[in-house]
Amino acid sequence: MPRRVLVAGNTGSGKSTLSQRVADQLGLRNVELDALFHGPQWTPRPEFAADVGRLVAEPRWVTQWQYKEVRPLLLAHADTLVWLDHSFGCVMTRLVVRTVRRRAARVELWNGNFESPLWTMFTDREHILRWGWKTFRRTRERIRRVVEDGQIVVVRLRGQREVEQWLAGPLSVAAGAGEERAR
(Lines give C-alpha, C1' and ligand atoms only; values in the text may rest on other atoms or scores of the structure.)
Protein backbone atom coordinates (compact mmCIF):
# COMPACT_ATOMS: atom_id res chain seq x y z
CA MET A 1 0.00 0.00 0.00
CA PRO A 2 1.34 3.46 -0.81
CA ARG A 3 2.38 5.30 2.35
CA ARG A 4 4.26 8.36 1.07
CA VAL A 5 2.51 9.70 -2.01
CA LEU A 6 3.32 12.63 -4.27
CA VAL A 7 0.74 14.01 -6.67
CA ALA A 8 2.31 15.73 -9.68
CA GLY A 9 0.88 17.72 -12.54
CA ASN A 10 0.55 21.18 -13.94
CA THR A 11 -0.95 24.11 -12.07
CA GLY A 12 -4.71 23.58 -12.18
CA SER A 13 -4.59 19.84 -12.91
CA GLY A 14 -6.25 18.88 -9.62
CA LYS A 15 -3.24 17.98 -7.45
CA SER A 16 -4.68 19.30 -4.19
CA THR A 17 -8.08 17.71 -4.77
CA LEU A 18 -6.59 14.33 -5.64
CA SER A 19 -4.15 14.52 -2.72
CA GLN A 20 -7.08 14.89 -0.33
CA ARG A 21 -9.00 12.04 -1.94
CA VAL A 22 -5.96 9.72 -1.78
CA ALA A 23 -5.33 10.69 1.84
CA ASP A 24 -8.96 10.00 2.76
CA GLN A 25 -8.99 6.65 0.99
CA LEU A 26 -5.68 5.43 2.45
CA GLY A 27 -5.94 7.06 5.85
CA LEU A 28 -2.85 9.19 5.28
CA ARG A 29 -2.02 12.71 6.41
CA ASN A 30 -2.53 15.25 3.61
CA VAL A 31 -0.31 18.33 3.60
CA GLU A 32 -0.96 21.06 1.05
CA LEU A 33 2.45 22.35 0.01
CA ASP A 34 1.07 25.75 -1.03
CA ALA A 35 -0.03 26.32 2.58
CA LEU A 36 3.51 25.62 3.79
CA PHE A 37 5.15 27.80 1.12
CA HIS A 38 3.02 30.95 1.05
CA GLY A 39 3.15 33.38 3.94
CA PRO A 40 1.07 36.55 4.23
CA GLN A 41 1.02 38.73 1.11
CA TRP A 42 2.27 35.79 -0.96
CA THR A 43 5.75 35.94 0.57
CA PRO A 44 7.65 32.64 0.79
CA ARG A 45 7.83 31.36 4.37
CA PRO A 46 11.43 31.01 5.59
CA GLU A 47 10.46 27.79 7.41
CA PHE A 48 9.23 26.13 4.23
CA ALA A 49 12.14 23.74 3.58
CA ALA A 50 12.39 22.79 7.26
CA ASP A 51 8.63 22.11 7.38
CA VAL A 52 8.94 19.86 4.32
CA GLY A 53 11.90 18.10 5.95
CA ARG A 54 9.75 17.30 8.99
CA LEU A 55 6.93 16.11 6.74
CA VAL A 56 9.06 13.65 4.78
CA ALA A 57 10.47 12.23 8.01
CA GLU A 58 6.97 11.03 8.88
CA PRO A 59 6.03 7.48 7.83
CA ARG A 60 2.70 8.26 6.11
CA TRP A 61 1.67 11.29 4.05
CA VAL A 62 0.34 12.69 0.78
CA THR A 63 1.40 16.00 -0.76
CA GLN A 64 2.00 17.67 -4.09
CA TRP A 65 5.29 17.43 -5.98
CA GLN A 66 6.14 21.07 -6.54
CA TYR A 67 8.55 23.84 -5.54
CA LYS A 68 12.00 23.49 -7.00
CA GLU A 69 13.88 23.71 -3.70
CA VAL A 70 12.11 20.70 -2.16
CA ARG A 71 11.23 18.49 -5.14
CA PRO A 72 14.39 16.33 -4.74
CA LEU A 73 13.73 15.87 -1.02
CA LEU A 74 10.10 14.91 -1.62
CA LEU A 75 11.03 12.48 -4.37
CA ALA A 76 13.75 10.85 -2.26
CA HIS A 77 11.25 10.00 0.49
CA ALA A 78 8.13 9.12 -1.52
CA ASP A 79 7.19 5.58 -2.53
CA THR A 80 4.57 6.55 -5.15
CA LEU A 81 4.14 9.43 -7.60
CA VAL A 82 0.71 9.97 -9.12
CA TRP A 83 0.97 11.95 -12.35
CA LEU A 84 -2.10 13.90 -13.42
CA ASP A 85 -1.27 14.03 -17.11
CA HIS A 86 -4.33 15.89 -18.34
CA SER A 87 -4.48 17.67 -21.68
CA PHE A 88 -3.54 21.32 -21.96
CA GLY A 89 -7.16 22.24 -22.69
CA CYS A 90 -8.44 20.39 -19.63
CA VAL A 91 -5.84 21.95 -17.33
CA MET A 92 -6.36 25.49 -18.59
CA THR A 93 -10.14 25.19 -18.40
CA ARG A 94 -9.90 23.97 -14.80
CA LEU A 95 -7.41 26.69 -13.94
CA VAL A 96 -9.55 29.49 -15.39
CA VAL A 97 -12.75 28.22 -13.74
CA ARG A 98 -11.00 27.75 -10.38
CA THR A 99 -9.34 31.17 -10.52
CA VAL A 100 -12.55 32.99 -11.47
CA ARG A 101 -14.55 31.12 -8.80
CA ARG A 102 -12.00 31.85 -6.07
CA ARG A 103 -11.71 35.50 -7.06
CA ALA A 104 -15.46 36.08 -7.33
CA ALA A 105 -16.18 34.40 -4.00
CA ARG A 106 -13.14 36.00 -2.30
CA VAL A 107 -11.98 32.58 -1.12
CA GLU A 108 -9.07 32.85 1.29
CA LEU A 109 -6.34 30.51 0.13
CA TRP A 110 -3.37 30.32 2.51
CA ASN A 111 -2.28 32.60 5.32
CA GLY A 112 -4.60 35.46 4.42
CA ASN A 113 -3.94 35.38 0.67
CA PHE A 114 -6.52 35.70 -2.10
CA GLU A 115 -6.41 35.27 -5.88
CA SER A 116 -5.14 38.35 -7.69
CA PRO A 117 -7.65 40.48 -9.60
CA LEU A 118 -8.31 38.89 -12.97
CA TRP A 119 -7.23 41.98 -14.93
CA THR A 120 -3.70 41.59 -13.48
CA MET A 121 -3.27 38.61 -15.79
CA PHE A 122 -2.32 41.21 -18.38
CA THR A 123 0.20 43.03 -16.17
CA ASP A 124 1.62 40.39 -13.80
CA ARG A 125 4.03 37.91 -15.40
CA GLU A 126 3.53 35.56 -12.42
CA HIS A 127 -0.29 35.62 -12.49
CA ILE A 128 -1.57 32.09 -11.90
CA LEU A 129 -3.19 31.90 -15.35
CA ARG A 130 -0.01 32.98 -17.12
CA TRP A 131 2.02 30.66 -14.88
CA GLY A 132 -0.15 27.67 -15.79
CA TRP A 133 0.17 28.47 -19.48
CA LYS A 134 3.95 28.92 -19.53
CA THR A 135 4.86 26.00 -17.26
CA PHE A 136 2.71 23.28 -18.84
CA ARG A 137 5.37 21.83 -21.14
CA ARG A 138 8.19 22.23 -18.59
CA THR A 139 6.22 20.47 -15.86
CA ARG A 140 5.33 17.57 -18.14
CA GLU A 141 9.00 17.13 -19.15
CA ARG A 142 10.15 17.18 -15.51
CA ILE A 143 7.72 14.39 -14.65
CA ARG A 144 8.67 12.38 -17.75
CA ARG A 145 12.30 12.39 -16.53
CA VAL A 146 11.17 10.88 -13.23
CA VAL A 147 9.24 8.20 -15.11
CA GLU A 148 12.27 7.39 -17.26
CA ASP A 149 14.53 7.25 -14.20
CA GLY A 150 12.44 4.38 -12.82
CA GLN A 151 13.35 4.97 -9.17
CA ILE A 152 9.76 5.34 -7.95
CA VAL A 153 6.39 3.78 -8.72
CA VAL A 154 4.55 6.14 -11.06
CA VAL A 155 0.81 6.05 -11.67
CA ARG A 156 0.04 8.06 -14.80
CA LEU A 157 -3.55 9.22 -15.09
CA ARG A 158 -4.71 10.80 -18.35
CA GLY A 159 -8.07 12.43 -17.83
CA GLN A 160 -10.66 12.42 -15.09
CA ARG A 161 -12.09 9.05 -16.16
CA GLU A 162 -8.72 7.39 -15.43
CA VAL A 163 -8.51 9.23 -12.10
CA GLU A 164 -11.90 7.86 -11.05
CA GLN A 165 -11.07 4.35 -12.28
CA TRP A 166 -7.78 4.33 -10.36
CA LEU A 167 -9.42 5.56 -7.15
CA ALA A 168 -12.23 3.00 -7.41
CA GLY A 169 -9.99 0.15 -8.59
CA PRO A 170 -6.28 -0.21 -7.77
CA LEU A 171 -6.19 2.37 -4.96
CA SER A 172 -9.30 0.92 -3.37
CA VAL A 173 -7.76 -2.56 -3.52
CA ALA A 174 -4.53 -1.25 -1.97
CA ALA A 175 -6.49 0.47 0.80
CA GLY A 176 -8.35 -2.78 1.52
CA ALA A 177 -5.11 -4.75 1.61
CA GLY A 178 -3.66 -2.21 4.03
CA GLU A 179 -6.69 -2.60 6.30
CA GLU A 180 -6.31 -6.39 6.23
CA ARG A 181 -2.63 -6.17 7.23
CA ALA A 182 -3.52 -3.80 10.08
CA ARG A 183 -5.95 -6.35 11.56
Side-chain angles (χ1 to χ4, degrees), residues 1-86 98 102 107-113 128 131 135 138-140 142-157 160 162-183:
M1 182 176 85
R3 295 173 314 183
R4 295 176 309 278
V5 180
L6 296 173
V7 179
N10 199 64
T11 301
S13 62
K15 295 183 302 292
S16 297
T17 300
L18 184 58
S19 294
Q20 187 61 58
R21 292 181 72 186
V22 169
D24 291 346
Q25 198 159 337
L26 295 179
L28 303 175
R29 177 178 177 218
N30 180 42
V31 176
E32 193 164 346
L33 234 50
D34 284 329
L36 294 182
F37 182 80
H38 295 292
Q41 299 177 343
W42 296 107
T43 56
R45 294 178 57 253
E47 312 87 358
F48 174 63
D51 288 346
V52 172
R54 283 189 288 280
L55 167 66
V56 298
E58 295 178 17
R60 299 167 44 84
W61 45 262
V62 179
T63 195
Q64 301 80 43
W65 191 55
Q66 54 191 19
Y67 296 106
K68 182 179 182 177
E69 72 179 279
V70 296
R71 276 195 301 260
L73 179 65
L74 290 163
L75 196 57
H77 287 84
D79 57 39
T80 306
L81 184 132
V82 180
W83 177 12
L84 289 173
D85 187 19
H86 299 317
R98 180 189 83 181
R102 286 177 172 177
V107 174
E108 183 176 339
L109 301 175
W110 313 279
N111 302 310
N113 296 305
I128 192 69
W131 179 259
T135 61
R138 189 170 54 209
T139 299
R140 185 175 263 181
R142 180 182 308 117
I143 299 167
R144 278 192 178 129
R145 287 192 299 272
V146 171
V147 171
E148 290 167 3
D149 186 41
Q151 297 299 309
I152 187 170
V153 172
V154 176
V155 177
R156 184 177 187 181
L157 303 172
Q160 195 59 37
E162 286 189 13
V163 170
E164 298 305 327
Q165 290 171 340
W166 178 71
L167 288 166
L171 192 65
S172 181
V173 170
E179 289 174 6
E180 287 298 317
R181 280 192 294 257
R183 290 182 195 160

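What's counted below: heavy atoms across the whole structure, side chains too, no hydrogens, waters or symmetry copies.
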Is any side-chain heavy atom of [X] less than 4.5 Å from a side-chain heavy atom of [Y]?
X: Glu58; Y: His77; result: no
X: Leu109; Y: Trp42; result: yes
X: Val82; Y: Val163; result: no
X: Trp61; Y: Leu6; result: yes
X: Arg60; Y: Met1; result: yes
X: Val22; Y: Leu167; result: yes
X: Leu171; Y: Arg21; result: no
X: Thr11; Y: Arg98; result: yes

For Gln165, all residues meeting side chain to side chain donor-acceptor pair (under 3.5 Å), sequence neighbours excluded: none
For Glu32, side chain to side chain donor-acceptor pair (under 3.5 Å) partners two or more places apart: Ser16, Trp110
Mind checking the [atom1]-[atom2] spacing from [X] to [Y]? Nearest 0.5 Å is all I need.
X: Leu74; Y: Arg4; atom1: CG; atom2: CZ; answer: 12.0 Å
X: Glu164; Y: Gln160; atom1: CD; atom2: CD; answer: 5.0 Å
X: Ile143; Y: Leu84; atom1: CD1; atom2: CG; answer: 8.5 Å
X: Thr139; Y: Trp65; atom1: OG1; atom2: CH2; answer: 9.0 Å
X: Asn111; Y: Gln41; atom1: CG; atom2: CD; answer: 11.5 Å
X: Asn10; Y: Lys15; atom1: CG; atom2: NZ; answer: 6.5 Å

Do you know the tightest heavy-atom contact between [X] and [Y]?
X: Ala168; Y: Ser172; answer: O-CB, 3.2 Å
X: Pro2; Y: Leu26; answer: O-CD1, 3.7 Å
X: Val62; Y: Asn30; answer: O-OD1, 3.2 Å
X: Leu81; Y: Ala8; answer: CD2-CB, 4.1 Å
X: Leu55; Y: Arg29; answer: CD1-NH1, 4.0 Å

Side-chain donor or acceptor of Asp79 paired with backbone N/O of Arg3 under 3.5 Å: yes
Carboxylate-amine/guanidinium contact Arg54 Asp51, below 4.0 Å: yes
Residue pair Gln64, Asp34: steps toward the side-chain hydrogen bond (donor to acceptor under 3.5 Å, both in side chains) verdict: CA-CA 9 Å; Gln64 301 80 43; Asp34 284 329; over 6 Å; no
CA sep, side-chain torsions, deciding dist, call: Arg156, Arg144, side-chain contact (heavy atoms from CB on, under 4.5 Å): CA-CA 10 Å; Arg156 184 177 187 181; Arg144 278 192 178 129; 4.0 Å; yes
Which atom pairs, donor and acceptor, lie under 3.5 Å between side-chain atoms of residues 145-153 and protein residues at least two apart or in another chain?
none

